[in-house]
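A short write-up of the structure that comes next.
Every chain is numbered from 1, with letters handed out A, B, ... down the list of sequences. Just so you know, these numbers use all the heavy atoms, side chains as well, and skip hydrogens, waters and symmetry mates.
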Amino acid sequence: MTALTKPVRVRYAPSPTGDFHVGGARTALFNYLFARHHGGNFILRIEDTDQKRYNPEAVNWLLNGLRYLGLDWDEGPEVGGEYGPYVQTERLSIYQHYCQQLLDNDLAYRCFATPEELDEMRRERKPKGLPTYDRRYRDYDPAKALERADSGESHVIRIKLPLEGNITVHDAIRGDITFQNEILEDVIIVKSDGIPTYHMANVIDDHLMEISHILRGDEWVSSMPLHIHLYNAFGWEPPTMAHLPVILNPTGKGKMSKRESRAPDGQILPVFVRTFEELGYLSDAMVNYMALVGWSYDDKTEIMDREELIERFSLDRVNASPASWNYEKLNYFNGVYMRALTPEALAKQIMPYVKEAGINADYDTLVKIAPFIQERLNVLSDAPQWVDFFFVDELPAYDLNMLVPKKMSLEDVPSILKTAHDILAQTEFNHDAIDAALRVGVKTLGIKAGQMFQPIRIAVCGKMVAPPLFNTLEILGKETTLKRLEQTLSRLEQN
RNA sequence: GCCCCCUUCGUCUAGAGGACUAGGACACCACCCUUUCAAGGUGGCGACACGGGUUCGAAUCCCGUAGGGGGCACCA
C-alpha cells in the first residue's frame, strides 16, 4: 500500500437533500477518527449536484449536527482550505475540463437517448438482468454527435466502459472484490443540464483534493468498479477505499429508517442528529456509542472518550457486517456520561430544557438538585419532570390516594403527616438532621420508614417518583415543606 | 430477475486452526442495598444459520444451501 507515504486526507461528502441522519453521522465520525488518528485532515465537501432534490436547510442541519458532535473539519464550508471550493456546484468549470478530456480521448460519448427510449430499454432489458442502457450511442460518430450537441439538442455524456473481462477492486475492509465488466453500464457522467453526476464529480474532486482514503457507506460498493474505471480513464491512482457497514433498524431487519417513528410505548425513535440533540443526548455519549456501531476496540473496553477513540481507532477493526442501532444501549451510554458530569455542568446542560418546559428555575438551585437527579436521567429532556415541583408556588392537584402508604388506608395519612409536620417544624433543615428527626417519628408511630416517607414525598413533590426525600426537603427549605404538608392536610380534611 | 456484500447470545461485539466449558457490553430475570425511582453490587438466562469438505484438530480455511443487507436512475 503506497498510500502510507502520502498524508492522510479523508472527506465526508454528503449531499444536502435531507436531514442529517445517524448513518451519515457515523460515516462522518469514522472519517474524523481516522483523520485525527493519523494526524491527517478531515475535509467536508458538499455534493450538491442534484439541484432537483436540493434542500437549502440541509446544509445547516449538517453543519449544526457536526458541531454538536464535535466533529470539526479542517477544510470545507466556513473554514475554507487550499483545495476549494468545497461545494460542487462551484466547481462546474473544473468538471467540464475533465469531461472534455474524456471526450477527446474517446473514453466518453454523447448520448441522445430520450427518457422515453430509456424507459423502453428498461422494460425490455431489466427482466433479463441486463443493465438498462443498451449503449446505442456508444459508436455514434463523434463529429455528428458534436454537431447535434452544438445545435442545442438535449443529451447526456456517458462513460465508455470495457465490454468484457473482469475488474478486481480492493476494499480495505472487505478485501478484493471482482466484478464482470459485462454487467456494468455506460453510466451517465454529465446530465443534460451540464452538471456532472456524483460518480464523475466525486472522482475528480477526490483526486484534485488529494484524498488518500475514501470511507463511505456500504451502498457504494457496487459503484466501485465504475469509479476505478473512471480513475483509470483519467490516468489517476485511486485512493484506498473502505466501505462501512450499513446501520440496521433495532430489530436487525432492514436499513435504519430515514423517518422517525414511535416505539410501542409512544417514545420517539430518533434517527436525525438534530433530534438526538433536542432530546438531550450528550455529544460525548453519541460519539462513543456511534463509534461502536461497526467498530470495536477489544473484547472489553466500551466507554472511551474522544481522545481514546482517536488513539485507538483503526480501519482493520471495522466490521464488514451490518450493525443495528440499539436505543437502550445508547441510553445506557448517555447515562454513563451524564453521571460523570459535575453538578454545575449538568445544571448548565439541563437549564435550556427546564426553561423550555416553562419552569422558572434558577441556576443555583439546579446545581443543588443536580446530584440527586443525575443518576435518574436518561436524557437531558427528562429533567423538567424531575425538577418542576421545586419551582412552583402551588403543587398541581394530584390524586389523594397516592398518599396512602403500603398496607394502610387514607385514614392513616393525616396523623402521619401531622407528626411529620410537627417534627420538621422543630428540625434544622439539612439532610442528616431531617433523616434523624423523621426516623424518630417513624419509631413513635410504630410504622415502617417507607410508610412514613411515602405520604411526605407525595405531599411535598406531588408525584410518586421523585428525588431522594431528605435532600429534596433540604433544598425545598423548611417554609415550603411545612406549607405543602399543611396544604395536604387541609385537602384531606375537605375530602 | 441480475450483480455484490454479510452471517457468533434478542442487540452490539471478542475470537484471525488447538488458549473456548465460546469472553465482554446493553437488554432481560433473581438476589443484595434501599424512603419512591434510579444508580451500584452479586448471580443467572442466552450464540458459533445449515450441510458438506480440508485437517490429528475448525466459531476460525474452502464449497454449497438458506437467511439478511446493498445496488441495478439524467439521486447521491
Check this one for me: any side-chain N or O of A/R457 less than 4.0 Å away from OP1 or OP2 of B/C37?
no

Using the salt bridge (charged side-chain N to carboxylate O under 4.0 Å, His left out) rule, pick out the option among A/R125, A/R122, A/R136 that qualifies with A/E117.
A/R136

Is the phosphate of B/A76 approached by A/K191 (side-chain N or O, under 4.0 Å from OP1 or OP2)?
yes

Verify the distance criterion only: is there a donor paired with an acceptor across the side chains of A/T89 and A/D48 at less than 3.5 Å?
yes

Establish, with yes or no, whether the OP1 or OP2 oxygen of B/G24 is under 4.0 angstrom from a side-chain nitrogen or oxygen of A/T301.
no

Mind running side-chain contact (heavy atoms from CB on, under 4.5 Å) on A/N181 and A/H229 for me, showing each step along the way?
CA-CA 10 Å; A/N181 286 326; A/H229 276 128; 2.9 Å; yes

B/U36 phosphate, OP1 or OP2, under 4.0 Å from A/K406 side-chain N/O
no

Using Watson-Crick geometry (N1-N3 plus N6-O4 or O6-N4) or G-U wobble (N1-O2, O6-N3), each under 3.5 Å, B/A16 is paired with none

C1' spacing across the pair B/G46 / B/A39, given as an integer number of angstrom
25 Å

If you look at every strand shown and take non-hydrogen atoms under 4.0 Å, does A/K255 touch a base, only sugar-phosphate, or nothing?
sugar-phosphate

For B/A39, which nucleotide in any strand shown is its Watson-Crick or wobble partner with both distances under 3.5 Å?
none

Base, sugar-phosphate or nothing for A/V156? Non-hydrogen atoms, less than 4.0 Å.
base

A/S296 vs B/A14: side-chain N/O to OP1/OP2 distance below 4.0 Å
yes

Side chain of A/R26, backbone of A/V293: donor and acceptor closer than 3.5 Å?
yes

Mind listing the closest non-hydrogen atom pair of A/N334 and A/G280 along with its distance?
ND2-O, 3.5 Å

Taking atom C1' in both B/G24 and B/C32, what distance in whole Å separates the two?
23 Å

Taking for A/I195 and for A/T178 the nucleotide of RNA chain B with the nearest heavy atom, the one nearer the 5' end belongs to A/T178

Counting only Watson-Crick pairs (N1-N3 plus N6-O4 or O6-N4) and G-U wobbles (N1-O2, O6-N3), all under 3.5 Å, who is the partner of B/U7?
B/A66

Between P on B/G70 and NZ on A/K258, what's the gap in Å once rounded to a whole number?
11 Å

Mate of B/C28 where both pairing distances stay under 3.5 Å, Watson-Crick or G-U
B/G44

Heavy-atom side-chain contact between A/I456 and A/F470 under 4.5 Å:
no

Starting at CZ of A/R317 and ending at P of B/A16, how long is that distance when rounded to a whole Å?
10 Å

When the P atoms of B/A49 and B/C9 are compared, how many Å lie between them, rounded to an integer?
7 Å

Nearest-nucleotide check on RNA chain B, A/F179 vs A/V336; residue mapping nearer the 5' end is A/F179

Can you tell me the distance, in whole Å, between the CG atom of A/D299 and the P atom of B/A14?
10 Å

Please walk me through it: do A/I188 and A/R158 pass side-chain contact (heavy atoms from CB on, under 4.5 Å)?
CA-CA 4 Å; A/I188 293 169; A/R158 292 180 180 270; 3.7 Å; yes

Once you round it to whole Å, what is the distance between P of B/A73 and CG of A/L226?
12 Å

Base, sugar-phosphate or nothing for A/R125? Non-hydrogen atoms, less than 4.0 Å.
nothing

A/L161 CG to B/C72 C1', straight-line distance once rounded to whole Å
14 Å

If we take the C1' atom in both B/U11 and B/A27, what is their distance in whole Å?
8 Å

Measure distances between side-chain N and O atoms of A/E375 and base N and O atoms of B/G40, and say whether any donor-acceptor pair falls under 3.5 Å.
no

What distance, rounded to whole Å, do you find between the two P atoms, one in B/U65 and one in B/G23?
33 Å

For B/C12, take OP1 and OP2 only and decide whether either is under 4.0 Å from a side-chain N or O of A/S324.
yes

Nearest whole Å is fine: how far is B/C74 P from A/R53 CZ?
13 Å

May I ask you to evaluate whether A/K126 reaches the phosphate of B/A73, defined as a side-chain N or O under 4.0 Å from OP1 or OP2?
yes

Could you please name the partner base of B/C33, counting Watson-Crick and G-U wobble pairs only when both distances are under 3.5 Å?
none

Under 4.0 Å, heavy atoms only, any strand: does A/S154 hit a base, just the sugar-phosphate, or nothing?
nothing

Tell me what A/P14 touches on the nucleic acid: a base, only sugar-phosphate, or nothing, going by heavy atoms under 4.0 Å.
nothing

Grab the CD1-P distance between A/I188 and B/C74 for me, whole Å please.
4 Å

Determine: side-chain N/O of A/Y332 to OP1/OP2 of B/C26, distance under 4.0 Å, yes or no.
yes

Are A/Q88 and A/D205 close enough that a side-chain donor and a side-chain acceptor fall under 3.5 Å?
yes

Phosphate contact (B/G68 OP1 or OP2) by A/S321 side-chain N/O below 4.0 Å
no

Base, sugar-phosphate, or nothing for A/G294, non-hydrogen atoms under 4.0 angstrom?
sugar-phosphate

Looking at A/S192 and B/C74, is any side-chain donor or acceptor paired with a base atom of the opposite kind under 3.5 Å?
yes

Compare side-chain N and O positions of A/N319 against OP1 and OP2 of B/A14 and report whether any pair is under 4.0 Å apart.
yes

Any base atoms under 4.0 Å from A/W220, or only sugar-phosphate, or nothing? Heavy atoms, all strands.
base

Say you pick atom C1' in B/G18 and the same atom in B/U54; how far apart are they, in whole Å?
16 Å

Over how many whole Å does the gap from A/N288 atom CG to B/C26 atom P extend?
13 Å

What does B/C2 pair with, Watson-Crick or G-U, if both distances are under 3.5 Å?
B/G71

Examine the base of B/C37 for any acceptor or donor lying under 3.5 Å from a partner atom in the side chain of A/R376, and report the outcome as yes or no.
yes

